[in-house]
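See below for the structure under consideration.
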Amino acid sequence: MAAKFEGIDFYDIDSLLSEEERMVRDTIRGWVEDKLMPIIGDAYVDRRFPKEIVPELGELGVLGANLPEKYGCAELNNVAYGLIMQELERGDSGIRSFASVQGALVMYPIFAFGSEDHRTEWLPKLATGEAIGCFGLTEPDYGSNPAGMVTRAKKTSDGWLLNGAKMWITNGSQADVAVVWAQTGDIGDVKTIRGFIVPTDTTGFSARDQKGKLSLLASDTSELVFEDVELPESALMPESSGLRSPLMCLTQARYGIAWGAVGAAMACFHESLLYAKERIMFDGPIGGKQIQQVRLADMLTKITQGQLLAYRLGRMKDDGTMTPQQVSLAKRANVDMACDIAREARRLLGGNGILVEYHSMRHMANLESVYTYEGTHDIHSLILGQTLTGVAAF
Ligand code: TGC
Ligand code: FAD
């Protein structure tokens, strides 16, 4: 089953890509094939984020890849960035999550809302992977509805006093720095939510691993607790302004997920196609049976639709016309598509499909997290419902 991955491109989307975009995609594809695939199964079973890959991701220019060169980033366009997410998630959703959080949820807000000092202090070392970041928005009682957050940053004479807790935080226990969203005014007043840069060695900050996960096992997920964390005035990201700021970060990360999900689906399709051709049952390959051919045809159709959606979204992002609602549609559709394909692929593989040597079940389990985070499938349905009808049904 170890045949080299050559890509799935039934509609010749390759011909729509620039040479640079193809080169970026092929570089990351090669790295995933050579460096990630040999270790990901064990890391998953050992429930371990393979931190040793972080410097390599930095060297490849993957971290914050669409941010400016001035800060040590690759300054790629958004299609190239999306292709990177696609290839990483072809390996594992947890590895794409690491890169999404670092780039879209930590580096992007520092770039967009931080001071110039914040940018020069943090972005170059986040780009190389010398520093790891996490993004704290979700709280135990405020997941889909971050507007209600109760983590509070209280103004003091010379800075801020941070108290509260965040839950389900990717990279939380590995992080050197946390971007933390906190209420600075009255609870429920979304205009007074602000973002803070919190070095994780600050007294009063602690991170605890989330135990008992059955999904995204090669990713670090933690709870963050802030107990009288004293922060200097300069910890505040000066341009952060209301709930809109963290939601703008989510738009960046959801964009990457729309591409990433296609990668996970491609991995499952590739695996099941090879298996269908090789697995002999009732005197012939199962791929020669009509049921499996329908299954494969459905998979190819859905992947092709997802690829076209991601590609068009990427071109709109590069043109500056993409809206958050268009990102919601693509995140929702492509993750749902990838969930379907991973499940069908696992089924096609029969008993072998539950083994870690094959990848579809790992993707299937991972994708349940992807379906839930960055706005659940339901929340994106409601965002689209609001766009269509003008009525918010949250
Ligand atoms: P609402 O009144 O709709 O919006 C408040 C302000 O924000 C603006 N806005 C956005 N801006 C940019 N991008 C978006 N996606 C935006 N959505 C809204 C909006 O225009 C408004 O601006 P202004 O200027 O008028 O103030 O706020 P609401 O409280 O009604 O929110 C609605 C809702 C449900 C859509 C929102 O709360 C939501 O998206 N909830 C889902 C929460 C979520 O996705 N959390 C993700 C946490 S991070 C994570 O999961 C990381 S996983 C790891 C990985 O990525 O791999
Ligand atoms: P809830 O909001 O409690 O939702 C429970 C159910 O109710 C869902 O089915 C939901 O769709 C549904 N629901 C909610 N509201 C409505 C409604 N109005 N109408 C109808 N149905 C509704 N967060 C971060 O801040 N940073 C991270 O790095 C991060 N990483 C994560 C990593 C993993 C592995 C996971 C699982 C989560 C991560 N999250 C992170 C949190 C993630 O964003 C939340 O789990 C997600 O937003 C959903 O919140 P919740 O889990 O509290 O579910």
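As a basis for the values below, the full set of heavy atoms in this structure was taken, side chains included, without hydrogen atoms, waters or symmetry mates. Read the numbers this way: they start at 1 and go in the same order the structure lists the ligands and their atoms.
- Here the protein heavy atom with the shortest distance to atom 51 (C) of ligand 1 is Glu374 OE2, 3.4 Å.
- Of all the heavy atoms of Val327, none lies under 4.0 Å from any atom of ligand 1, so neither backbone nor side chain is involved.
- Per-residue contacts place Gly143 under 4.0 angstrom from the following atoms of ligand 1 (heavy atoms of the residue considered): 42 (C).
- Inside a 4.0 Å radius of atom 21 (C) of ligand 1 there is not any protein heavy atom.
- Counted by atom type alone, Tyr275 and Asn352 present one or more donor-acceptor pairs between their side chains at under 3.5 Å.
- In terms of protein heavy-atom proximity, atom 48 (S) of ligand 1 is nearest to Leu250 CD2, 3.6 Å.
- Neither side chain, Gln102 nor Asn171, offers a donor N or O lying under 3.5 Å from an acceptor on the other.
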Q.
Using salt bridge (charged side-chain N to carboxylate O under 4.0 Å, His left out), reason through Glu19 and Arg22 one step at a time and then give a plain yes or no.
A. CA-CA 5 Å; Glu19 202 173 314; Arg22 280 197 294 271; 5.4 Å; no
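- Using modelled atom types and a 3.5 Å distance limit, the side chains of Ser15 and Asp12 yield a donor-acceptor pair.
- In this model, a donor atom of one side chain and an acceptor atom of the other lie less than 3.5 Å apart for Ser100 and Arg96.
- Every atom of ligand 1 is numbered from 1 in the order shown, and the set under 4.0 Å from a heavy atom of Thr138 is 47 (C).
- Across all their heavy atoms, Phe282 and Lys289 have their closest contact at O-NZ, 3.5 Å.
- Protein heavy atom nearest atom 19 (C) of ligand 1, with residue, atom name and distance: Arg244 NH1, 4.3 Å.
- Annotation for ligand 1: atoms under 4.0 Å from non-hydrogen atoms of Leu243 are 27 (O), 29 (O).
- For the 3.5 Å distance criterion, the side chains of His118 and Ser115 qualify, holding a donor opposite an acceptor.
- Summarising the geometry, atom OG1 belonging to Thr192 is positioned 8.0 Å from atom CD1 belonging to Ile187; distances are rounded to the nearest 0.5 Å.
- If you look at Phe394 next to ligand 1, the close heavy atoms, those under 4.0 Å, all belong to the side chain.
- For ligand 1, the polar-atom distance check finds no N/O of Asn145 at less than 3.5 Å from any of the ligand's N/O atoms.
- The atoms of ligand 1 that sit less than 4.0 Å from any heavy atom of Thr170 are 53 (C).
- Assignment of Gln325 to the shell around ligand 1 is not supported, since no heavy atom sits closer than 4.0 Å.
- Shortest contact from atom 25 (O) of ligand 1 to any protein heavy atom: Lys191 NZ, 4.2 Å.
- Using a 3.5 Å distance cut-off with no hydrogens or angles, the side chains of Arg152 and Thr184 do not pair a donor with an acceptor.
- A cation-pi arrangement is present between Lys317 and Tyr255, with the terminal nitrogen or guanidinium carbon under 6.0 Å from the aromatic centre and inside a 45° cone about the axis.
- Here Leu247 has heavy atoms under 4.0 Å from ligand 1 in both its backbone and its side chain.
- We find that Asp176 and Lys125 are not joined by a salt bridge, their nearest charged nitrogen and carboxylate oxygen being 4.0 Å or further apart.
- A salt bridge links Glu87 and Arg90; the closest N-O separation between the charged side-chain nitrogens and carboxylate oxygens is under 4.0 Å.
- With a heavy-atom cut-off of 4.0 Å, Val101 touches ligand 1 through its side chain alone.
- For the residue pair Thr138 and Tyr373, no side-chain donor N or O sits within less than 3.5 Å of a side-chain acceptor on the partner.
- Heavy-atom proximity to Leu105, at under 4.0 Å, picks out these atoms of ligand 1: 51 (C).
- Distances from atom 3 (O) of ligand 1 to the protein include no heavy-atom value under 4.0 Å.
- With sequence neighbours left out, Phe205 forms a ring pair (Phe, Tyr, Trp, His ring centres under 6.0 Å) with Phe226.
- Only the side chain of Ile383 comes within contact range of ligand 1, with a heavy atom under 4.0 Å; no backbone atom does.
- For Tyr371, the ring pair (Phe, Tyr, Trp, His ring centres under 6.0 Å) criterion is met by His377, not counting sequence neighbours.
- Judged as a salt bridge (charged side-chain N to carboxylate O under 4.0 Å, His left out), the pairs with a partner in residues 226-249 (not counting sequence neighbours) are, in order, Lys155-Glu233.
- Within the structure, the closest approach of Pro146 to ligand 1 falls below 4.0 Å when heavy atoms are considered.
- Side chains of Thr170 and Ser97: a donor-acceptor N/O pair is absent below 3.5 angstrom, by distance only.
- Here is the list of ligand 1 atoms found below 4.0 Å of a heavy atom in Thr251: 12 (C), 13 (N), 14 (C), 15 (N).
- Contact annotation: Gln386 has no heavy atom less than 4.0 Å from any atom of ligand 1.
- Listed by chain and number, Phe135, Leu137, Thr138, Gly143, Ser144, Trp168, Ile169, Thr170, Leu216, Ser369, Thr372, Tyr373, Glu374, Thr376, Asp378, Ile379, Leu382, Phe394 each place a non-hydrogen atom less than 4.0 angstrom from ligand 2.
- Near Ala147, the atoms of ligand 1 lying under 4.0 angstrom from a non-hydrogen atom of the residue are 29 (O).
- A cation-pi arrangement, defined by a distance under 6.0 Å to the six-membered ring centre and an angle within 45 degrees of its axis, is absent between Lys166 and Trp168.
- At a 4.0 Å heavy-atom cut-off, ligand 1 touches Ser144 through the backbone alone.
- At a 3.5 angstrom cut-off on N or O pairs, Arg96 counts as close to ligand 1.
- Atom 39 (O) of ligand 1 lies below 4.0 Å from at least one non-hydrogen atom of the protein.
- Interface atoms of ligand 1 facing Met248, defined by a heavy-atom separation under 4.0 Å, are 12 (C), 13 (N).
- Side-chain polar atoms of Ser222 and Gln210 form no donor-acceptor pair below 3.5 angstrom.
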